[in-house]
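Each remark here refers to the structure printed beneath this line.
Numbers for residues simply follow the sequence, beginning at 1. Whatever order the structure lists them in is the order used to number ligands and atoms, beginning at 1. Just the heavy atoms: all of them, side chains too, but no hydrogens, waters or symmetry mates, feed the values below.
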Amino acid sequence: MTRQNAQALDARDPLASLRTQFALPEGVIYLDGNSLGVLPAAAPARVAQAVQQEWGEGLIRSWNTANWVNLPQRVGDKIGRLIGAPPGQTLAGDSTSVNLYKVLAAALLLAKQQGDPARRVIVSERSNFPTDLYIAEGLARQHGFELKLVEPEQIAAQFGPSLAVLMLTHVNYRTGRMHDMAAITRAAHGCGALALWDLAHSAGAVPVDLNGADADFAVGCGYKYLNGGPGAPAFLWVHPRHLERMEREDLWQPLSGWFGHAAPFEFSPHYRPASGIARFACGTPPVLGLTALETGVDTALAAEPLGGMAALRRKSLALTSLFITLVEARCAGHGLTVITPRTEGERGSQVNLARGEGAYAIVQALIARGVIGDFRAPDVLRFGFTPLYTSFTEVWDAVEHLRQVLESGEWKEARFNQKAAVT
Ligand SMILES: *Cc1c(COP(=O)(O)O)cnc(C)c1O
């Protein structure tokens, strides 16, 4: 595999044109779209319009004239197209952590409604992203549940009468390993439990079919593969059977704020939940954040005429496979271990390497060369591949930089080994 081969792959990449949707800085190979997606070229003008016209000129009238009121639903429905959800099931707004609080609390409520006091266990992965575990830990304390953390190989052994909710992140942030959502959800339902999925590293990166998998609840992140910008609003999804049941049995999600009220502008002193997904809203939607997020979601939807998520998945697997092959061929003997599964069906859109010593410094040395990946404690070098804009030539070049960093030993310099407070 030569650089010319990689260039040839780019020349016949049917998705190559999607890259023009982004304002990528010169001289940077960006392999961190799984942490903060890049700026959509349309975002600055669209956000400026929202600020200057909608806010500046329209002022309060823009809640109606610019349809600010419907932004959470409109952006939610667009995200729904990427995750197998028809309109009316997905809501954009709040952070992933807050959305997880709302849907996990609803799941615990539904589990309690079954009336079986022995069904009080939430199971998750020990290596799940910490905020998910912290939210679950807090809710478990509040509601008398036990949070049980297991290794991925132990999940199959958790399906039993005590399992209330299985809460998993579809693609693991540290290993890049992807779960079989449909099979695990089926097993959870088989023992009477609910399945809640975090799509932070999936939405916009790998195909997701929430309805096809018959999932119960989901949340996901706006600033990663959806390119919504720093601190972008996140999203949540609830299966319609639960929305209907919550309505029938008058069950509330815990953050019963006025935007989730059936008639917020009646200013009634009593809460009455809206029907449908709107009952999962809380306060006033973050209009500017949602406006930027919409431009990001649109960059992924632009792939629809080119084959959509299936085509993006093909390219993502080709990128990650190329990276693995090149690392093993060109960086052999330098102590790197590929910790992301080689089986394509088990891989998300990132490749993570472990190295006993120097992982942090090697990432810093790469960043100094303009190759931006990231480090995850204690020993992981993490590289995200975004099929919307990452090219095969960039993969080749990134591995060449990695090879040079390792061969030269430049990562051992003190300036790369000094850990910054925030990375
Ligand atoms: C990125 C990520 C989050 C982020 O949560 P915030 O509330 O936006 O800080 C949550 N969960 C997972 C699994 C993530 O990867």
Side-chain angles (χ1 to χ4, degrees), residues 31-38 72 75-76 79 82-83 90-105 107 122-139 147 149-150 152 155 165-179 181 184 195-206 208 210 215 217-237 254-255 280 282-283 285-286 289-290 292-293 296-297 340 347-352 373-377 380 382-386 422-423:
L31 303 179
D32 216 358
N34 54 333
S35 201
L36 176 64
V38 303
V75 178
I79 295 169
L82 302 169
I83 57 173
T90 314
L91 195 68
D94 296 321
S95 65
T96 307
S97 305
V98 170
N99 285 329
L100 181 60
Y101 183 86
K102 291 188 278 189
V103 298
L104 180 56
I122 307 166
V123 166
S124 193
E125 250 182 88
R126 186 173 302 280
S127 66
N128 198 346
F129 191 73
T131 199
D132 293 40
L133 299 180
Y134 303 160
I135 293 286
E137 203 173 355
L139 280 169
L147 173 63
L149 302 182
V150 302
I155 291 170
V165 181
L166 181 60
M167 177 190 87
L168 292 176
T169 296
H170 186 217
V171 176
N172 184 283
Y173 81 106
R174 283 188 87 248
T175 62
R177 177 176 176 157
M178 182 166 74
H179 287 297
M181 183 185 291
I184 291 177
L196 189 165
W197 293 95
D198 189 327
L199 306 178
H201 292 275
S202 311
V206 300
V208 175
L210 288 170
F217 297 91
V219 295
C221 189
Y223 51 77
K224 293 173 179 161
Y225 292 98
L226 295 181
N227 304 307
F235 65 91
L236 60 80
W237 171 89
L255 300 184
F280 276 85
C282 181
L290 286 166
L293 172 60
V297 175
T340 300
R347 193 191 308 152
S349 201
Q350 50 177 286
V351 177
N352 302 328
D374 64 22
F375 165 77
R376 284 295 176 266
V380 175
R382 191 171 73 151
F383 301 96
F385 299 84
T386 307
V422 178
T423 54

Contacts of Ala136 meeting side chain to side chain contact (heavy atoms under 4.5 Å, CB included) (sequence neighbours excluded), chain-then-number -> Leu104, Leu147, Met167
Residues at least two apart in sequence or cross-chain that pass salt bridge (Lys or Arg N to Asp or Glu O under 4.0 Å) with Arg347, listed by chain then number, are none
Value for NZ (Lys102) from OG (Ser97), rounded to nearest 0.5 Å, stands at 11.5 Å
Ordered by chain then number, the protein residues lying under 4.0 Å from ligand 1 by heavy atom are Ser95, Thr96, Ser97, Phe129, Thr131, Asp132, Thr169, Asp198, Ala200, His201, Tyr223, Lys224
Contacts of Thr340 meeting side-chain hydrogen bond (donor to acceptor under 3.5 Å, both in side chains) (sequence neighbours excluded), chain-then-number -> none
Interatomic distance, CG@Asp132 vs CG@Asp198, rounded to 0.5 Å, equals 4.5 Å
Determine whether Asn34 and Val171 make a side-chain contact, defined as any pair of heavy atoms from C-beta on separated by less than 4.5 Å.
no
